[in-house]
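A short write-up of the structure that comes next.
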Amino acid sequence: MDPTVLQQTPLQPSPGIGDGSKSERTPLALRAFGALLMAGGVAVVPEVIHTLAQMGTVFVEKTYTDDSLLTIILYVTLALSACFCALASGVLGFRLLRGNRQSARLIAEAVAIGLVVAFSADLLLFGVNPGLWFLGACALILIAAHVWVDPSLSDERELQRRLRLMQTREEAEDGTLGLDKTGRGYIELDFFNLFWIFVIASVAGVVIESIYHVLVVDFGHYEDRAGLLWGPFSPIYGFGAVLMTLALNRFHNAPIPVVFLVSAVIGGAFEYFVSWFMEYAFGAIAWDYTGTFLNINGRTNFMFMCMWGVLGVVWVKLALPALLHTVNLIPWRWRYSITALCAALMIFDGAMTLVALDCWYSRLAGAAPDNALEQFCAEQFDNQWMENRFESMSIHPDAAHRSS
């Protein structure tokens, strides 16, 4: 089927949630699920009251200084997301009860995200507890409403997915897949390209830094240079590559000295910010250039800014075209599903790494675990495990600038 035909064929409005009209085909189902959603919103209210009461007690008694920063963040997240779910579920249920589907799909998806956030925060704070049942009941009602009231959504989304795949296949056959269609830059700055740039650069960074350490810093001694809990990934290099791509994409035809200078400034600023953030948030020191030529507070120096400049030139002139070719080797039928799965795993890995670092900091600062997540980290990622995993990093609680 010619994709231009699909482009010219307007998608028919779905008879389910979100088509912007009054319900004509399923008025009873709409009202029934509207009532259930209102009941689900009411079911979340006890969890909201319980969370707000606990937070109120903490602030009235001024015991919040005994809690870790992570616990406070989880409490606030749980309270806000639970309040939102209760309110939005009630609004959505009331609209469906009156047979009004306008903007209902958007509200339903927002509630679903809120429920996931609230459920996660509750589980991480208190472990498995009765409060999860209220959130779970509301989630089941929301899922049922989507399945029964809006069955045609899956057909509509499948049509859109097929159109996207057909366009991707055409670009792959023409050799233009991933290139900037406007011609102003080299690579198309979409999520797919940037995500795989991040992943490949994260792995390459670990390899390059490990070789540099073995051959230059401490000859013959291997040291784990990974920056995440799991996998051979160094997110500093990944984010650095993404930043370089965003900044230098339009400089792919620029003279080498221009690319070098821009890369040196951006790379040095990025290295300085990462060093400052790690020390501010976790008291973590992974490098210190104090005493070296033209160093800036020991966080970056002239030599490494020049190295960033060279890396930028190599990246934009040589590596980026090769990387785009490598990424396009992913079969076009699988590229979106594989990317979505890998992105979810990387986000989870990154989030757990930040949590594990925060718990490591708290333990070294003498604070006992005060929520289920911190207890889990204390058991699975204790101090010895973290020291072995992050060999090049040391935590100094006294060096951190945060209050808890």
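All residue numbers in this chain count up from 1 along the given sequence. Here the structure is a predicted model, which means the values were calculated and not measured.
Remark: Y272 OH is packed, more than 12 non-hydrogen atoms of other residues, nucleotides or ligands lying under 6.0 Å away. Counting non-hydrogen atoms of other residues, nucleotides and ligands closer than 6.0 Å to CG of L189 gives a total above 12. Within 6.0 Å of the CZ atom in F304, the count of heavy atoms belonging to other residues, nucleotides or ligands exceeds 12.
Counting all heavy atoms, side chain and backbone alike, V355 lies closest to L373 at CG1-CD2, 3.5 Å. L74 approaches A121 most closely through the heavy-atom pair O-CB, 3.9 Å. In terms of heavy atoms, A343 sits closest to F191 at CB-CZ, 3.9 Å. Looking at every heavy atom in both residues, G309 comes nearest to S263 through CA-CB, 3.7 Å. Shown here for M393 and I395, the closest heavy-atom pair between the two residues is SD-CD1, 4.3 Å. For W315 against P321, the heavy-atom pair with the smallest separation is O-CD, 4.5 Å.
Between W308 and F270, the ring-plane angle classifies as perpendicular under the 30° and 60° cut-offs.
For the pair S392 and E223, the minimum side-chain heavy-atom distance is below 4.5 Å. Inter-residue side-chain proximity for T353 and F390 is flagged as met; some heavy-atom pair is nearer than 4.5 Å. Contact of the L345 side chain with the D349 side chain is not registered, since no non-hydrogen atoms from C-beta on lie closer than 4.5 Å. A 4.5 Å side-chain heavy-atom check between L318 and V313 finds every atom pair outside the cut-off. At a threshold of 4.5 Å between non-hydrogen side-chain atoms, the residues L194 and L246 count as touching. Counting heavy atoms from C-beta on, the side chains of V214 and F219 never come closer than 4.5 Å. With contacts defined as side-chain heavy-atom distances shorter than 4.5 Å, the pair E387/W360 qualifies. You'll find the side chain of M305 stays beyond 4.5 Å of the side chain of E271, heavy atoms only.
Judged by distance alone, the side chain of H213 and the main-chain N or O of H221 form a donor-acceptor pair under 3.5 Å. Distance alone, capped at 3.5 Å, places no donor-acceptor pair between the T300 side chain and the I296 backbone. For the pair D358 (side chain) and L354 (backbone), a donor-acceptor distance under 3.5 Å is absent. A donor-acceptor pair under 3.5 Å is absent between the side-chain atoms of S89 and the main chain of A86, judged by distance alone.
Rounding to the nearest 0.5 Å gives a distance of 12.5 Å between CG of L248 and CD1 of I187. Put simply, OG1 on T339 and CE on M346 are 12.5 Å apart, with the number rounded to the nearest 0.5 Å. The structure places CG of N301 at 3.5 Å from OG1 of T292, a figure rounded to the nearest 0.5 Å. Here the SG-CE distance, from C359 to M386, works out to 8.5 Å after rounding to the nearest 0.5 Å. The distance from the CZ atom of F195 to the CD1 atom of I338 is 11.0 Å, given to the nearest 0.5 Å. Taking CE from M278 and CG from L357, the interatomic distance works out to 7.5 Å, rounded to the nearest 0.5 Å.
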* Between V117 and L78, is a side-chain contact (heavy atoms from CB on, under 4.5 Å) present by the stated rule, with each step listed? -> CA-CA 7 Å; V117 173; L78 175 59; over 6 Å; no
* Walk me through it: do F293 and M303 pass the test side-chain contact (heavy atoms from CB on, under 4.5 Å)? => CA-CA 8 Å; F293 179 64; M303 183 185 75; over 6 Å; no
* Please assess N193 against F198 for the test side-chain contact (heavy atoms from CB on, under 4.5 Å), listing each intermediate value before the final yes or no. => CA-CA 9 Å; N193 285 336; F198 172 84; over 6 Å; no
* To do: Go through the steps for M244 and V316 under the test side-chain contact (heavy atoms from CB on, under 4.5 Å), then give the verdict.
  => CA-CA 8 Å; M244 286 294 182; V316 75; over 6 Å; no
* Stepwise, does the salt bridge (charged side-chain N to carboxylate O under 4.0 Å, His left out) test hold for R363 with E374? -> CA-CA 10 Å; R363 290 194 299 269; E374 289 183 349; over 6 Å; no
* Asked: Which is it for Q384 and N388 under the side-chain hydrogen bond (donor to acceptor under 3.5 Å, both in side chains) test, yes or no, and what are the steps along the way?
  -> CA-CA 6 Å; Q384 186 63 46; N388 293 335; 3.2 Å; yes
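A salt bridge does not link E391 to R225: none of the charged side-chain nitrogens sits closer than 4.0 Å to a carboxylate oxygen.
The side chain to side chain donor-acceptor pair (under 3.5 Å) check on T290 picks up D288, with sequence neighbours excluded.
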Could you go through residues 228-238 and list every donor-acceptor pair under 3.5 Å that involves a side-chain atom there, pairing it with any protein atom two or more places apart or in another chain?
unit_1 : atom_1 : unit_2 : atom_2 : d
Y237   : OH     : E209   : OE1    : 2.8

